[in-house]
Q: 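The structure follows.
Just so we're clear, the structure is a prediction, and the values are computed from it rather than from any experiment. Every chain is numbered from 1 and lettered A, B, ... according to where its sequence line falls, protein lines coming before strand lines. Side-chain atoms are counted along with the backbone in the values below, which use heavy atoms only and exclude waters and symmetry mates.
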Number of protein chains: 2
Amino acid sequence: MLSRMTRPESSGGQQPASRRIAEVLRSAIQSGELRPGDRLPSERVLADQYGAARNTAREAVRLLAEEGLVVAQHGRGVFVREARRLFRFGSDRYARKNRETGLTPFRLEARRQGKSARIDVVSIAREMPPRDIAERLDVAPDDLSVVHRENHYFADDEPVQVVSTYLRWEEAEGTLLMEAKSGPDGIYGRLEELGHAMTSIRDEIFARMPTPHETAVLGLPPGVPVLEVLHTSLDQDGRPFEVSRFVHRSDLTGLTYELPVT
Amino acid sequence: MLSRMTRPESSGGQQPASRRIAEVLRSAIQSGELRPGDRLPSERVLADQYGAARNTAREAVRLLAEEGLVVAQHGRGVFVREARRLFRFGSDRYARKNRETGLTPFRLEARRQGKSARIDVVSIAREMPPRDIAERLDVAPDDLSVVHRENHYFADDEPVQVVSTYLRWEEAEGTLLMEAKSGPDGIYGRLEELGHAMTSIRDEIFARMPTPHETAVLGLPPGVPVLEVLHTSLDQDGRPFEVSRFVHRSDLTGLTYELPVT
DNA sequence: AAGTGGTCTAGACCACTTT
DNA sequence: AAGTGGTCTAGACCACTTT
């Protein structure tokens with residue numbers, strides 16, 4: 001193998017060849033020359049065009065995929081990603097008027113977009129809470145102190161978010177809070193009967209790359225981070241009675257908070 | 001070259017060798033066997049251990065870097081990333097009591113952490129607004145209708161967030177809003193004098209991978225998304241008078257919103 | 001000087017999709 | 001059958017850091 005050819009003449013500048021190729025493609029995408037849905041030249045064609053090895057062209061494409069600009073489809077090609085941010089979760093999703101089954105805001109948003117909505121109750125189980133949940137729900141971290149309800153949300157059968165809701169075991173035991181169908185107005189209806197009127201909420205928001213498990217469950221392409229919301233519901237006494245972890249795919253989801261300034 | 005050795009015996013399972021190596025390392029990190037700050041075995045050592053080519057070991061490490069679990073340092077090695085989420089931007093950052101210079105919440109948070117705070121005013125210029133800004137500020141999108149103030153925020157000289165603030169040119173022209181030092185209570189003080197009392201706010205939140213420019217400005221390692229907040233300030237008449245785009249590095253930043261439920 | 005990651009070559013076989 | 005991305009080999013030279 002001719003390894004003195006490592007730096008071919010064509011890599012004139014300071015930049016590595018893979019970055020230069022990526023830059024040309026990036027400009028083409030940003031200028032609109034390559035439009036959402038368009039196919040990029042194949043890795044072999046790019047390699048030819050730039051007098052590089054296929055792996056070098058491939059590295060260029062990988063850089064773009066990491067930025068979330070393109071998505072590869074095995075056997076088909078690499079495509080410019082469609083910029084579609086479909087779901088907007090507003091702070092009004094907690095409003096009392098949107099309370100029936102706790103699910104309405106999602107269904108409403110799906111309908112607004114002409115999509116079908118589906119919510120799967122994946123599991124309902126007594127568990128030991130993760131540390132961050134235990135702190136916020138104010139329960140023992142090393143005890144079977146919570147009920148964990150896991151739901152998956154789909155729009156047109158495409159997964160959009162995964163929600164883990166945690167409730168106090170002592171309150172949920174033997175009630176409809178342990179059932180998939182939790183009755184009128186959903187879990188918040190039952191929690192209100194237990195004396196917890198949702199009076200204020202606290203949402204803590206982070207972004208991070210998905211775990212391999214989340215990548216699988218949400219069907220995430222590379223280069224798409226997740227939005228994680230740690231939600232705490234506080235009652236009339238300012239005490240937490242429900243904590244949920246929302247994991248959204250960020251290419252489909254945005255959050256909106258509207259609030260008065262004091 | 002012996003290309004029939006492409007699939008060596010050691011890749012026993014269904015999984016590609018690079019993924020298997022990544023899984024072993026991931027488990028070691030999650031179990032705490034490899035702790036934050038620890039160095040991974042070098043790519044050459046991993047390749048030896050698993051009877052693979054160096055590029056295969058390298059691919060395994062790349063998968064972990066993409067998940068944000070490790071960071072490579074040229075010439076030094078690959079290290080398990082420290083999980084430090086330092087900055088919490090709460091919805092109370094808009095509260096009137098935190099108004100002086102508009103910067104106090106950031107300075108407070110930095111002091112709380114024993115870090116120095118620095119805010120650079122990078123530019124103040126009359127510009128054509130981006131489409132999303134024009135819509136929210138309710139100004140002409142294809143006109144020099146706004147003033148754009150760009151600030152960079154540093155903690156211990158490490159960049160934490162980039163903020164672009166947009167104001168109406170017709171209101172800012174010839175006022176302290178065009179100056180780096182915008183006077184008592186910062187730009188919100190001047191805007192209040194112009195008849196805009198901040199009465200409510202709307203924050204729209206997205207996550208995405210950074211652009212190459214943001215990667216450079218924020219000094220982002222691979223595998224770290226950004227949190228983007230599109231902030232709109234509304235006055236006593238419910239009219240927008242200021243729109244800002246916050247770009248936070250998500251490994252250092254979290255957002256918190258506390259609000260009453262109606 | 002030795003070790004590390006960064007980039008690259010020039011192939012190969014595989015899984016998948018399209019013609 | 002032809003084309004595409006996915007993975008891999010066995011090298012090489014480079015830039016950077018540590019010994």
Q: Taking atom C1' of D:dT7 as reference, at what distance in whole Å does atom CG of B:Leu63 sit?
A: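 Going from B:Leu63 (CG) to D:dT7 (C1'), I get 11 Å.
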Q: Whether the side chain of A:Arg44 and the base of D:dG3 hold a donor-acceptor pair under 3.5 Å is what I'd like checked.
A: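 Such a pair does not exist between side chain and base.
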Q: Could you tell me the separation between the CD atom of A:Gln15 and the P atom of C:dG6, rounded to a whole number of Å?
A: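 Atom-to-atom, A:Gln15 to C:dG6, this comes out as 16 Å.
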Q: Separation of A:Arg76 atom CZ from D:dA2 atom P, in whole Å?
A: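 Checked: the CZ to P distance equals 21 Å.
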Q: Is the distance from OP1 or OP2 of C:dG6 to the nearest side-chain N or O of A:Arg19 less than 4.0 Å?
A: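 So the side-chain polar atoms of A:Arg19 never come under 4.0 Å of the phosphate oxygens OP1 or OP2 of C:dG6.
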Q: Any side-chain N or O of A:Arg54 under 4.0 Å from OP1/OP2 of C:dG11?
A: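 No, no such contact exists.
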Q: Using a heavy-atom cut-off of 4.0 Å across all strands, would you classify A:Val78 as base, sugar-phosphate, or nothing?
A: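 It contacts sugar-phosphate atoms only.
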Q: Nearest whole Å is fine: how far is C:dG6 P from A:Glu66 CD?
A: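 Atom-to-atom, A:Glu66 to C:dG6, this comes out as 12 Å.
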Q: Among B:Leu227, B:Val226, B:Val217, which one satisfies side chain to side chain contact (heavy atoms under 4.5 Å, CB included) with B:Val247?
A: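 Testing each of B:Leu227, B:Val226, B:Val217 against B:Val247, the sole residue satisfying side chain to side chain contact (heavy atoms under 4.5 Å, CB included) is B:Val226.
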Q: For D:dT17, which nucleotide is its Watson-Crick or G-U wobble mate, given both distances must be under 3.5 Å?
A: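 Pair assignment: D:dT17 / C:dA2.
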Q: Should A:Arg39 be listed as having a side-chain N or O under 4.0 Å from OP1 or OP2 of D:dT4?
A: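 It does, given that an N or O in the side chain of A:Arg39 lies less than 4.0 Å from OP1 or OP2 of D:dT4.
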Q: CZ/A:Phe246 to OG1/A:Thr253 distance, rounded to the nearest 0.5 angstrom?
A: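 The OG1 atom of A:Thr253 is 11.5 Å from CZ of A:Phe246, to the nearest 0.5 Å.
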Q: Rounded to the nearest 0.5 Å, how far apart are OG of A:Ser18 and CZ of A:Arg58?
A: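 CZ of A:Arg58 is found 13.0 Å from OG of A:Ser18.
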Q: Using atom CZ of A:Arg58 as one end and atom C1' of C:dA12 as the other, report the distance to the nearest whole Å.
A: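 Distance, rounded to whole Å: 14 Å.
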Q: Among D:dC8, C:dC8, C:dG5, which is the nearest nucleotide to the side chain of B:Ser18?
A: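 Comparing D:dC8, C:dC8, C:dG5 against the side chain of B:Ser18, the answer is D:dC8.
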Q: Can B:His74 be said to stack with the base of D:dA15, given centres closer than 5.5 angstrom and planes under 30 degrees apart?
A: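 Answer is yes, a stack.
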Q: Quick one: are A:Glu158 and A:Arg249 in side-chain contact, heavy atoms under 4.5 Å?
A: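 SC-SC contact between A:Glu158 and A:Arg249 confirmed.
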Q: Grab the CG-C1' distance between B:Asn55 and C:dG11 for me, whole Å please.
A: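 Distance, rounded to whole Å: 13 Å.
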Q: Taking 4.0 Å as the cut-off, does a side-chain nitrogen or oxygen of B:Thr56 come that near to OP1 or OP2 on D:dT7?
A: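 No.
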Q: Just how far, in rounded Å, is C1' of C:dG6 from CD of A:Glu59?
A: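 That distance rounds to 9 Å.
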Q: Does any part of the side chain of A:Gln15, heavy atoms only, come nearer than 4.5 Å to the side chain of A:Glu23, both counted from C-beta?
A: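 A side-chain contact under 4.5 Å exists here.
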Q: Given atom CD of A:Gln73 and atom P of D:dG6, what is their separation to the nearest angstrom?
A: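 Computing the A:Gln73:CD to D:dG6:P distance gives 10 Å.
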Q: Given C:dG3, is OP1 or OP2 found less than 4.0 Å from the side-chain N or O atoms of B:Ser42?
A: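 No.
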Q: Could you identify the nucleotide paired to D:dG11, looking across every strand shown and requiring Watson-Crick or G-U wobble geometry with both distances under 3.5 Å?
A: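 The base-pairing partner of D:dG11, which may sit in any strand shown, is C:dC8.
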